[in-house]
Structures are given as C-alpha cells and as structure tokens.
Amino acid sequence: MKTSMLTILLMLFGFIDGFNKNIQLSEEDKLIKNLLARYKRRGTYARPVKEYNDSITINFNMQLIQIMDLDEKNQVLTLNVWDRYIWHDLHLTWNETKHGGVKNIRVPSNKIWIPDLKLYNYADERLAERRDARCVVESNGKVLWMPQAIYKSSCEIDVATFPFDIQNCTLKFGSWTHNGNLIDLMVLSMDGETGENGSIDMSQFVKSNSWEIMAYPAKKNKQFYTCCPDEPYIDLSFTIVFRRRSTFYNYILILPCILLTSLTLVLFWIPPESPAKMMLGINIFVAFFLLLLLMEANLPPSAAKVPLLGTYYCLNMILITLSSFLNIIAVHFSFYGARRPLPHCLRMVMFEFFAKILCMDNLISPFRDKTISELTSRLVGDRVPFLGMPLNGDKSSKWVRSGEAISMEQPQAGAPPIENEQQLAHLKVINNHMSELLDFIKMYKVRIANKDRKERVAQEWKALSLIFDRIFFYIYLAAIITSLCVIMPMITTPEIDIDDA
C-alpha cells in the first residue's frame, strides 16, 4: 500500500515537472523576471542613482477628476484625482533588440523604488490615500506611475461673501524625507513638458453642480524648515480657485430674505389699533431667525469673518426689533386718549413740519386751525343758544332760581287779589321747573363739551401716531435700500485673488 502511494506521488511530481518544462516564457516575462530579480537583490529603499550626491528629478502633476466635497464646517476639501509621476530609474533599462523588441513593461509599484511624495496639508483619518496601480517602464528607464487617489486636504474657508463666495485651496506635495539636493521636483504638463510653473490637468474633469472652477495654477517652491535649516525642501503647490454656484441659495436664502424685508414695510401701514401689527412683526422676526439658522448650518462655526449675508440678516432683525418698539410707541400714542392735551411744541413740529413734508395735510387739517380752548368756549358759552336765557343766575333777569325774590311787572289796577296770588303760585312752580331745566341743560352741555374735547385730544394723538408710522416707514425703507445697495454688491462681486495663489 505504501509502495503504491509513493509511486503515485512520484508520477504526479514528474508530470508537474514536465509540464513546467513545456511552458514557454515570452520575452516580456523573461525581461520582467530579470529586472525584478535584479531589484530584489539591490532593494527598493535607495534612490536609483549612481552616486549618493546625485539628484533624481521627479516630474509630477495631478489630473483633477471631481470635486467630491467641501466641508465648510471642518474646512476640508475632498478631491478625486489621478496622480502622474515620471522619473528615470537606471536599474530598469534594457536593450530592446536583445529582448525581442519589448519597448515597455508593467511592474508592481511595491517591487521597485517609488518617490515618497506626501500631501503636506492632509486632513485625512485614513492610512492610505492612493489605490494600487502598476508602473509603466520603458527601455530607457523612464517610469510612469499613475495611481488613483482621493485627497482630503485642509483649506481655509472664507465665507464673507457666502453664497457668492470664491474659495482658494492649495494642495502642497513634497518629499517627506529627501531634501532638494536629493530629490528635485518639477511640474509636469499635459504634453509631457516640465517646468517650475504649470497648471493642473483638467482634461477629464467632471463638472460640479456646486462649484465652478476659475483657475488651477501649479508652481514649484523651495522652503527651509525649522527641523533642517541648512537643507532646502522642494514642494509643488497646486491651487484650485473655485466659485460656488449660487442658484440654489438664491431661492432658499436670498429671495426669502428680500421678500421678508419687503413684508416688514407693511407693519407701518397697519392701523395702530390693530393687534395684527405686533403679531406680524414677531412672525417676521422668527422667520429671519430660521433663515439665519439655515445659513449657519452650511458655515464653519468659528469663521474668522462674519458672512455679509448674516450681517444683513442681523441688521434686518435689529430693524424689525426697533420697528416693534416703534409700533408700540405708535400704539401707545394712539390709545393715549384724553389723558393730557398734545404739547404745543410737539404739535408744531409734527403737524406743521413733518405733516407737510410727508403729504399728510388732510390728516391734520381738522386740528390745525381750532384749538381745544376755542372748541370749549364755543360749546360752553355764557348763554344757551336755542333758549336765549342766561345761565349766570342774574337776579335782574326775568327768571331767577327758586328761593330767590321774583321780579315781576306790577299787576294791573283793579285786578282781584286772589287771581294775583294764583298767578304768583303758578309762576313759582314754573320758575322751579325752569331752574331745574336750565341746570340740566348746562350740565349736559358741559358733558358734551368734555366728551368732544376728549375725542379731539384722542384724535390728535392718533394722528400723531400715524405721522410717526409714516416717518418710521420712510426711515426703514431708506435703511433697506441702503443695506441692499451696500451689502449685496459686496456679496455678489467678491474679489478674486489668483496671483497670491
């Protein structure tokens, strides 16, 4: 049994060995095996140069595919890019004629030396940024490496002109351990040319619904760090200047703000005695507060600059608060009533000056020529107009108050004494009734005069409140127009600073 099993195993190994001998390797396979075997002996840690002091040049650029996200709160920009590295490796050269005319091969990036370029201003919690990709090697040692990557970089967000803001974000790449004397960096252009200045490759860019790319320069920098003051470090800065597409925000932030601001003007046209005057003002204040919360949700919580739109919101909220106080003053004047007459100086200023300027002559014309004293003297005179009788109790008059002596004409001669006494008694009764009637008429006329006087005073205070409402309306209208003319152009036309990028 054991002999048969051993025989079977020997036959199996022999079959496999024979199968391997029958496999024919192509020239590309042989070349890759030889080059990788050579690299395995030398290692992948040292730079592929002849002498230690020799410098190797890395040509680098990135092809922007998509702006994935701009987190304003955390100030992180996320980009989907294709990196493109080109350098020459003297250990990856061969003679094309000796290897069957093979011009280029593909080898794994972890089997050969690759530059340690890092994103300096990274803001990523992941351990790896790039996806694995093979390197394309040519016979002269030229290596092309194009890994896919998703970069998350820190970016200072300026929201002063939100939602018409223009952001300027820079991605800084450089070798993490090699100084400029060991590794030199150059900007690689789309046509293969190199230089110290260039631009990001945008040939495969997918247009964003939120952002519009305005500029994308790239340049080479040399900098000395505190860790190594004697060694210059080379880095490549890729700047993206992009503007927010504001169409969406025009409908959810700008247009409601303008409509609410215009609606605030209605407050000063509502009659002071209407309770809707205060209710509308409070509702508009709450609506502005909700818009402010909606805008704050899209902004970093600790922004160095306050957005001008937020300033405009706060200004409108302040104006609405002031308008509520002013409406309370107007309502208070309207219901002040007959507590006291309108001061003469206030009457002259408001009725004679502001009423004329505001074209409100029809409102104050009933109060301009007649004063309260004139009205009282007209209504409560020394005589009752429709009776023609005195009310001052003059004893010389024909009728006097009861209990006083009655002055009458002498009776005719020969009149009976009894008839004179009866007439006298009737006259006393009539005199008592007339005295009571005159007292009632006088009291009634005084009451009517006081009522008219109070109504007139109340109407004057109400007219004063309407004048104040009109003044506040024009002040608020001027404030709205001024704020729109000052703030909106600053928001919609922000400054573009591309040179500093």
Side-chain angles (χ1 to χ4, degrees), residues 60-83 117-124 129 149-174 185 187-189 195-223 234-249 253 295-296 298-311 487-501:
F60 174 72
N61 200 341
M62 68 177 188
Q63 190 174 30
L64 182 59
I65 304 301
Q66 185 182 11
I67 298 178
M68 301 184 64
D69 183 37
L70 178 62
D71 189 352
E72 288 92 347
K73 276 187 172 296
N74 298 316
Q75 302 191 83
V76 175
L77 174 66
T78 304
L79 298 177
N80 178 16
V81 302
W82 295 352
D83 288 337
L117 265 65
K118 301 294 183 182
L119 176 63
Y120 282 7
N121 56 332
Y122 79 101
D124 198 349
E129 298 169 333
I150 295 179
Y151 291 122
K152 292 185 177 182
S153 64
S154 59
C155 178
E156 184 178 356
I157 306 299
D158 184 6
V159 294
T161 57
F162 177 85
F164 304 96
D165 52 327
I166 295 177
Q167 303 300 336
N168 190 325
C169 297
T170 300
L171 283 76
K172 185 177 180 181
F173 293 90
L185 300 179
V187 179
L188 180 64
S189 62
E196 295 187 356
N197 296 306
S199 61
I200 300 175
D201 188 356
M202 303 291 292
S203 59
Q204 300 296 324
F205 178 68
V206 178
K207 291 185 178 180
S208 172
N209 293 328
S210 302
W211 303 98
E212 178 185 359
I213 303 295
M214 303 182 65
Y216 38 90
K219 65 179 180 179
K220 176 181 176 180
N221 303 303
K222 181 183 291 186
Q223 189 171 354
I234 307 299
D235 65 79
L236 300 180
S237 297
F238 298 88
T239 302
I240 304 176
V241 181
F242 48 96
R243 178 171 54 193
R244 192 189 303 270
R245 298 184 187 271
S246 59
T247 304
F248 173 73
Y249 298 97
L253 292 178
M295 184 186 67
E296 186 271 338
N298 297 306
L299 300 178
S302 58
K305 296 181 180 179
V306 178
L308 294 177
L309 186 61
T311 304
I487 295 179
M488 285 303 172
M490 297 173 62
I491 297 176
T492 55
T493 56
E495 296 182 357
I496 303 175
D497 190 7
I498 300 179
D499 295 336
D500 295 340

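No hydrogens, no waters, no symmetry mates; every other heavy atom, side chains included, goes into these values.
For Tyr120, the OH atom sits in a packed shell: over 12 heavy atoms of surrounding residues, nucleotides or ligands are nearer than 6.0 Å.
Within the 4.5 Å cutoff, the side chain of Asn221 has no heavy atoms near those of the Lys172 side chain. A 4.5 Å side-chain heavy-atom check between Val187 and Lys219 finds every atom pair outside the cut-off. Looking at heavy atoms from C-beta onward, Thr78 lies out of side-chain contact with Asp124 at the 4.5 angstrom threshold. In this structure, the side chains of Ile213 and Ile67 come closer than 4.5 Å at one or more pairs of heavy atoms. The shortest side-chain heavy-atom distance between Asp83 and Leu117 does not fall under the 4.5 Å cut-off.
Counting all heavy atoms, side chain and backbone alike, Gln63 lies closest to Ser203 at NE2-OG, 2.7 Å. Residues Asp235 and Leu185 share a closest heavy-atom pair of CA-CD1, 4.1 Å. Here the closest non-hydrogen pair linking Pro217 and Ile200 is O-CG1, 4.5 Å. Considering every non-hydrogen atom in both Ser153 and Leu119, the closest pair reads CB-CD2, 4.0 Å. The two atoms that bring Asn197 and Lys220 nearest to each other are OD1-N, 4.4 Å, heavy atoms only. Closest of all the heavy-atom pairs between Ser154 and Ala123 is N-CB, 3.8 Å.
Atom OH of Tyr151 is separated from atom CG of Leu64 by 12.0 Å, given to the nearest 0.5 angstrom. Of the inter-residue distances, the one linking Gln167 atom CD with Phe162 atom CZ reads 10.0 Å to the nearest 0.5 angstrom. For the atom pair CG of Asp165 and CZ of Arg244, the computed distance is 4.0 Å after rounding to the nearest 0.5 Å. The CG atom of Asn61 sits 8.5 Å away from the CG atom of Leu236 when rounded to the nearest 0.5 Å. A distance of 12.0 Å separates CD in Glu72 from CG in Asp158, rounded to the nearest 0.5 Å. We find the OG1-CZ distance between Thr239 and Phe242 to be 11.0 Å, quoted to the nearest 0.5 Å.
Without hydrogens or angle criteria, Asn80 side chain to Met68 main chain gives no donor-acceptor distance under 3.5 Å.
A search for side chain to side chain donor-acceptor pair (under 3.5 Å) contacts involving Thr247 returns nothing, not counting sequence neighbours.
The list of salt bridge (charged side-chain N to carboxylate O under 4.0 Å, His left out) pairs with a residue in residues 204-215, not counting sequence neighbours, reads Glu212-Arg243.
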